[in-house]
Amino acid sequence: MTDHTNDAQTTVLVIGGGVGGIKAAMDLSEAQKDVLLVDKAAAIGGLMTQLDRTFPTNNCDLCTISPHLSAGARQQHIDLMPLTQVTAVTGEAGDFTVTLTSTPRYIDLEKCTACGECHKKYPECVRFYPGLDHRAPTCMRYPQATPQAFSIDMAACKDVNGLVNVCPANAIVVDDQEKVATRRVSSIILAVGADLFDPDKLDHFGHGRYPNVVTGLEYERIMSASGPTLGELVRPSDGVPPKRVAWIQCAGSRGINREDVSYCSSVCCMYALKEAIVTKERFQDDIETTIFYMDMRTFGKDYEGYYQRAKDQYGVRMVRCRPHSIVPDSTGQQLHIAYATDENSGMTTELFDMVVLSTGFRPSSHTTRLAEILGVELNAHQFVRGGNFEPVVTSRPGIYVCGVIEGPKDIPETMVQASAAACMAARHTGHAGSAAEVESEYPPERDVIGETPRIGVFVCDCGQNIGGAMDVDAVVQEAAKYPHVVHVEMAGHGCGQEALDRMRQMIQEKNLNRVVVGACSPRTHEGLFQENLRKAGLNKYLLDIANIRDQNAWVHGGARELATAKAKKLIRMAVGGVAQAGPLREHRLPINKDVLVIGGGVSGMSSALALGDQGYKVVLAERTGRLGGLAAIIRRNLEGDDVRAYVAQLVEKVQAHDQIEVITNAIVVDHSGMPGKFQTGFQIGPRMYYRQIEHGATVMATGALAHRPDQYLLGRHKAVMTQLDLDDLLETQPEQVSNWECMVMVQCVGSRTADNPNCSRICCQSAIKNALRLTDLNPDMRVFILYRDMRTYGFSEDAYIEARRRGVIFVRYQADIPPRVTADGDRVTVHFHDPILGRDMEVTADCLGLSTGLLADDETTEDLAAIFHLNRTEDGHFLEDHVKLKPLDMSVPGFFVAGTAHSPRTIRESIAQAQGVAGRIQGLLAQDVINLGAVVARVDRDKCATCLVCVRACPYHVPFINEDRYSEIDPAKCHGCGICAAECPAKAIQLSCFEDAPIMAKLEGLLERIA
Amino acid sequence: MITAERKPLAEIIDYIDNCRRILLVGCNECVTVCAAGGRKEVAMLASAMQMDFMKRGKTVDIREMTLERQCEPEYVEELAPFIDQADAVVSMACGCGVQEVVRRFRGKRVYPAVNTSFMGAAERPGVWAERCHGCGNCLLGLTGGICPIARCSKRLMNGPCGGSSKGKCEVSTEIDCVWQLIWDRLKELGIEDRYEEIILAKDWRTERGGGPRKIVREDLAQ
Amino acid sequence: METFEPVIVAFCCHYCAYTAADMAGTMRLDYPANVKIVRVPCSGKVDPIHMMKALELGADGVLVAGCLEGDCHFKTGNVKAARRVTYVQTQLEEIGVEPQRLAMVTMSAGMGTRFAAIANEFTEQIRKLGPNPVAAARKAQAAPAPVAQVN
Amino acid sequence: MITDSVLEKVFAAGHIAVTGECGPPRGAMPEVVKEKAEKLRGYVDAVNVTDNQTAMVRMSSFAASLFLQQMDMPPVMQMVCRDRNRLAMQADIIGAYAHGINTLLCLSGDHPHFGDHPMAAGVFDLDSIQLIQTVKRMRDEGKFQGGADIKGPPKMFIGAAANPFADPFELRVARLAKKVRAGVDFIQTQCIYNMDKFEQWMKGVRERELHKEVYIMAGVTPMKSVGAARYMKNKVPGMDVPDHLVERMAKTPKEKQAQEGIDICVETIQRLLSIEGVAGIHIMAIEWESAVPEIVERSGLYPRPQV
């Protein structure tokens, strides 16, 4: 690791190398800030790297995160210190002094080649391998661990010098000592995550005693190809594939017993569904999967659809109850689960081969001590307390928090908070050197012009993904026969650090001047492999990727020889193409660093402020006449803060801010350009005068609409209102409300239905908020809440418990038998069926509160999507670039989305997104120059017949006839579509990277064996 | 510019059906601009010919070349090294190009691949319309700059005829009645009375009437 | 006689069709392995020569796959592509090669299912059409690859 | 009097001249010409003989005119610029005059596109106005178009056509002026159905006093059926048949339509005769010569004056 002492001004300390910590570090390094990333484990990656598949994409996403990890190690601005903990912190925001203690690794990182010899011979003295295999001595957390080295638990090692000799690279350092270092940093981000609850203490479930009772993570490891069973789903007791698997939700959560915690961990429902789906999809679809649950909490974006698909498409059985106990059967191989459901009061038992306990998050003992060291307050559940409106801000200035340690959340929300924390932490640091210096870090580019092609072919097996669907070795051998191929090899996980290093080594050794990678889609990994070529001194365009995974292995899994034959053909095409490819130079353009924010609600204002405070000039465009958006009419939040006052001061701050220009009554009419050089036209004010804004990045914060469906007499009876109306009434006429005797609320009104399939996430919390305020006013008021699933996720579960304690009556209703309302003078009568009593009920209520949730502002998003070419989801929200790892970026470069325009979310979560988007934008605009890449059209002046076809065909009017009488195309303006090249009658135009020669060579490669 | 349109494939194939080696030559001037005989069209025709032969079980070896301008001896000379290995030349140039190759390479079978049509202008991308007949004695000065010889179906110099209706020629509504255009133009210029001056009978010798023509610049002629 | 396995080249535009093909992968849909994809930045980049040469070299079917009408990332690429496909189809008719061997299809980036459906349908349609007559003749003669220098 | 054409004599005597039209057969059948001419005898002063009308090949106008000449029915020979170059035209003019044919109608001619030889090349060496100049020069200066002297110059009474209904309408009077300047003696207009438009045209003509420099004959054609009416309205170039006439024909029962056509024709002639500047009526009853006697009689133009 390059060890350069950082002065306080430029370094941010990130504690915890999980996915949140890495994302924060990456964002900071992109924004040209130095980062000191510290993790107590031997390799960064944290919890996510052990997950086999993750929801909602059901991809392992390891390869989408591994580029982050390996990139993390490579970024010049990131200084990685594994096996290290923070032991002391002094100073204040802008200038902290931290003491770091590193435990010995007993392996010299520079020498270790991760060959695994020591691991084979001495499995016993390794740190604990989370999962079932408790013995391996040298622990490599996962195939693509970063740093790429093992670590030894010397205490557990019996034959030390035997271990030393076995290492071919004699990298083992017996007398490795604990090191202590002090560093001065400007701000700190706490991203240590949390542990998963160890259910051994729940004796009624028998985890730890019965081998076939496993935790969610352990089940994950069993399914994972890099897990102890190498991806075979088998019962731990006898290694036999299970026929019936059950999941028990809220193991240790939402409970009042000794070992339970009261809060909900927000993610267990989704990961249980995912594990059930993957069990059926990847192993055998005849495995019976059952989930025992109280409320199915799938409240994230499009998660409800995932839940319905689990039930309808995959046949996952859902049983609503809280199982009493697990008892093994006589043979000890199977387990009885005893449970009682509302419908039949008696106890029933069922036999299962495996039971998975969905355990939630618990702050580890480390974090409580670390919090004391950092001097940050914890909340009642020992998680770090974030601000009510600014979740990433802790009680101590200059110290920020993100991820699960701030509260249980899924990976997309963690990524949002990581970007937000990076943005806030960056305030305290100066600028740490621009990209130009980085460029020089690469070795000089070798000139290959004139050399006969020497092609290296690297074929990934990508674990099961490719290896499982075809005979990779046959493909590799076949590749050796192709023209100009001088080196072939099977690259395993090609995108992993190890394979990348090996590829660079082969390029040097075999003097390769072209590389073909048989791997996944160039859309996601082209940049990674191009970068690798660049680091090996090769021009990065001397590369061709054959998509043998997404467009072959994954779609012809069933026919092994067909997939193998096709892989050979795809690689033959790539070899043909790359032989014709030539080195290309990239074009650079100065960046316009202003930012355009569309939408003046809380999200828009928060991102404008976050950027403004960092010195960026922001234009905030609002369609209506005033700022504030939907939040402006909300009175209180669940925590009881005065929302209206908060929004008012936000508006004031924005209007007073000298870096932010607000334009109201502004409607977008046109848009053009590319990141760093956008032009967007507005018609402003009643006279609709036209004004064009020049900017480098764009934030879509257009919010969503409060849903008011014509149901339950809403709008037709005085006593029927939405939670929003009630929230306002509680504030304006408390006396009138206090003398209500009875109040009924109905959940999921107009949400989770056919025409609005998604859950609006916030309605359960707003119902509980209002219920608590009602019972504050009049403790004797009888409050009924009719619900389908109570989704008070995270710490809001405490409010749900408090509501029940105060006697609020919660009654579940089936989606297909909703409650009915009839007018009853000034009051209304609500008819519903109570599943516990098994009887139909009638309640006459002074007020009926409907939880109606949010709807996408379809009309606005449709117009904006057309103008900006943005993608949207089916229900009209803006679509992010990657649902899991890039929730804030949009697929069109330079565009970001924040707030309810992305999906329904609370104000607090919207602000996190807004600040996260500000963080992402600082990464984009930190560069002084934008790299336009090399895909531009070039005109051969000798062939051009000056026929004007290209001038007329170009959708962006770029080509023009210059004074030397031939067509000229400005590389800075060319968008690289290639339309002119295909129209040119004189074949004078070639689009670099997609010239005719490589395309023809690919066709010849594909079709040559026809004769 | 000179415009042309590719001949039907069947006709071209008829010319060269008994050949095994073809030299297919495009031209980078007018026929490129009107997308009839440029480098791209050469490749398209080559591919089409190749497929046609192969479909009938015959082989053909096609060399594709595109000269800068096929009506210039020096450019045509570039074919010399390849002419002997070809049983026939198929030229995608306008009539001038085809005949220039014939003039240079005696005894070599040379066939046209395009129908040279007219001197015209690009009405809009991909559409060319006749504008000049090459009559050798331009009367645009008399008709407000719009030519009745090239653009009237009956070459009337004192039109319009009785068949002009709604500005269109009696022959087809696709064709503008040029005399309507001329009349509108004269009105624009405010010289309507110029219309009544009779344009006298034309001396067609400067057109084709006088036989194939030559232009000689004594100062340049070697 | 074993069933005829057509070779199909699919020029897919990076922003829509290629992404849809990847999506078909992530959704683990199944479509015939006959379809081989060539990535292009836009369907508007597919040159009529590429379509002709693919068939001349022996492909049995050629697909040009672009974005939905009006959704092209480069505004008009898919419209130009459609026009060129029609132009090349007329050329094929002249040669006596079935014009349906060449088709233009459109889809959005999220339509994994549509990509798979098209791949299935088109492969069956070409299978019914039988081998490309040029490919059959080429196989019979096993002629050396024609010398075609394009200068 | 410039020529000894019967038509000129009638005009000069101030009478309303009446001419008919006879389309020669598409084969060598002189009796057809004679038969048609016979039907017109006594009812018209002269008979137009069309020249490959609508670009369909027929017995030449020269040949058919000779038959009429021999029957003592003065022909008006028509000559189109489509089929002959200036040598052939002048040769035929001299030839015809030698046979006593002394009235000539100079026309541009329909485009080959309409006829039975669309693949033929239209000559159009001269246009109709240049032809008028040529015939005038042959007559008055005794010189060929090329400038050489003619021994025995032909003295043709020069006529031309005029279509007051073609576009651009505002140009049509100027076009007549151009023909007058070229030296035309008499004009026969396209068949008239749109009376208002014709009157408007005649007003223009009178304003420029062209009617004093050229005898203007108004052309009429009786409609045999509503089908014929629609055909002329839609298919014949330069024809303007107002809707009310087509409706009138459509309302009449099938068997009475021919009579209705004649009635319309007579009514048209009555109105035409009332227009100042109309010096004659040209009845184009193509393939319906039998209707001419009734039309001429009912229009009060019978008997023809003896000049």
Side-chain angles (χ1 to χ4, degrees), chain A residues 57-59 281-282 520-524 545 547 549-559 562-563 565-566 569-570 573 577 866 869 871 873-874 879 891-892 935 953 955-956 975-984 987 991 993-994 996-997 999-1000 1002-1004 1006-1011, chain C residues 5 7 9 11-12 14-15 18-19 21-42 44-50 53-54 56-59 70-77 80-81 84 108-110 116 119 132 135 138-139 141-145 150:
Chain A
T57 57
N58 284 7
N59 287 340
E281 182 200 42
R282 222 168 65 171
C520 49
S521 174
R523 263 174 358 91
T524 48
I545 295 180
N547 191 338
R549 186 187 72 171
D550 310 32
Q551 291 176 0
N552 187 27
W554 279 357
V555 281
H556 314 312
L562 277 180
K566 179 167 176 180
K569 270 297 168 195
L570 290 176
M573 289 164 76
H869 275 300
N871 298 335
T873 58
E874 255 102 47
L879 185 65
S891 56
V892 175
V935 181
Y956 302 97
H975 285 228
C977 63
I979 288 176
C980 57
E983 292 258 316
C984 171
K987 294 308 294 171
L991 182 73
C993 293
F994 294 93
D996 287 338
I999 291 179
M1000 287 310 300
K1002 285 186 180 183
L1003 293 178
E1004 265 140 25
L1006 171 64
L1007 299 160
E1008 66 188 350
R1009 284 291 184 296
I1010 285 298
Chain C
E5 281 307 334
V7 175
V9 182
F11 294 101
C12 292
H14 169 85
Y15 287 91
Y18 196 89
T19 316
D22 282 353
M23 177 73 78
T26 38
M27 296 162 83
R28 304 299 190 283
L29 302 177
D30 202 32
Y31 60 81
N34 311 56
V35 177
K36 272 69 173 189
I37 291 172
V38 175
R39 184 166 69 105
V40 285
C42 173
K45 170 68 187 69
V46 183
D47 194 318
I49 298 176
H50 299 162
K53 282 289 179 188
E56 180 198 330
L57 290 169
D71 275 358
C72 172
H73 184 80
F74 298 107
K75 298 188 187 170
T76 55
K80 290 199 161 60
R84 289 186 205 133
S108 82
N132 171 356
R138 176 191 286 280
K139 199 176 284 176
Q141 301 149 0
V150 179

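Just so it is clear: chains get the letters A, B, ... in the order the sequence lines come, proteins before strands, and each one is counted from 1.
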Lys80(C) and Ala953(A) have their tightest heavy-atom pair at NZ-O, 3.4 Å
When every non-hydrogen atom of Ser521(A) is compared with those of Tyr18(C), the smallest separation belongs to OG-CE2, 3.6 Å
Chain A shares the most heavy-atom pairs under 4.5 Å, among Gly44(C), Cys42(C), Ala33(C), Ala21(C), with Ala33(C)
So, the part of Arg39(C) with a heavy atom under 4.5 Å from chain A: the answer is both
Interface check, chain C: of Leu562(A), Leu991(A), Leu570(A), most non-hydrogen pairs under 4.5 Å belong to Leu991(A)
Honestly, the part of Pro48(C) sitting under 4.5 Å from a heavy atom of chain A is side chain
Smallest heavy-atom separation, Pro41(C) atom then Cys977(A) atom, equals CG-O, 3.8 Å
If one checks every heavy atom of His869(A) against chain C at 4.5 Å, the contacting part turns out to be side chain
Are any of the side-chain heavy atoms of Lys569(A) and Val7(C) separated by less than 4.5 Å? no
Honestly, the part of Asn552(A) sitting under 4.5 Å from a heavy atom of chain C is neither
Lys566(A) and Val35(C) have their tightest heavy-atom pair at NZ-O, 2.6 Å
Can you confirm whether Leu1006(A) sits close enough to Leu57(C) that some side-chain heavy atom of one is under 4.5 Å from a side-chain heavy atom of the other? no
For Phe74(C) and Tyr956(A) the tightest heavy-atom approach is CA-OH, 3.1 Å
Per-residue tally against chain A (heavy atom, under 4.5 Å) across Val38(C), Ile37(C), Val9(C) peaks at Ile37(C)
Does any N or O in the side chain of His556(A) come within less than 3.5 Å of the main-chain N or O of Tyr31(C), such that one atom is a donor and the other an acceptor? yes
Comparing Gly558(A), Ala866(A), Ala553(A), Gly978(A) against chain C, the one with the most heavy-atom pairs below 4.5 Å turns out to be Gly978(A)
Cut-off 4.5 Å, heavy atoms of chain C, and the answer for Leu1003(A) is both
Under 4.5 Å to a heavy atom of chain A? For Leu29(C) that would be backbone
Hits for ring pair (Phe, Tyr, Trp, His ring centres under 6.0 Å) against His73(C), two or more places apart or cross-chain, chain-then-number order -> Tyr15(C)
Pair Asp22(C), Asn547(A) - check side chain to side chain contact (heavy atoms under 4.5 Å, CB included), show working.
CA-CA 9 Å; Asp22(C) 282 353; Asn547(A) 191 338; 3.0 Å; yes
Margin query: Main chain of Gly976(A), side chain of Lys45(C): is a donor-acceptor contact present, judged purely on distance under 3.5 Å?
Written below: no
May I ask you to test the Ile979(A)-Thr76(C) pair for a side-chain heavy-atom distance under 4.5 Å? yes
Should the pair Glu1004(A)-Lys53(C) be classified as a salt bridge under the 4.0 Å nitrogen-to-oxygen rule?
no
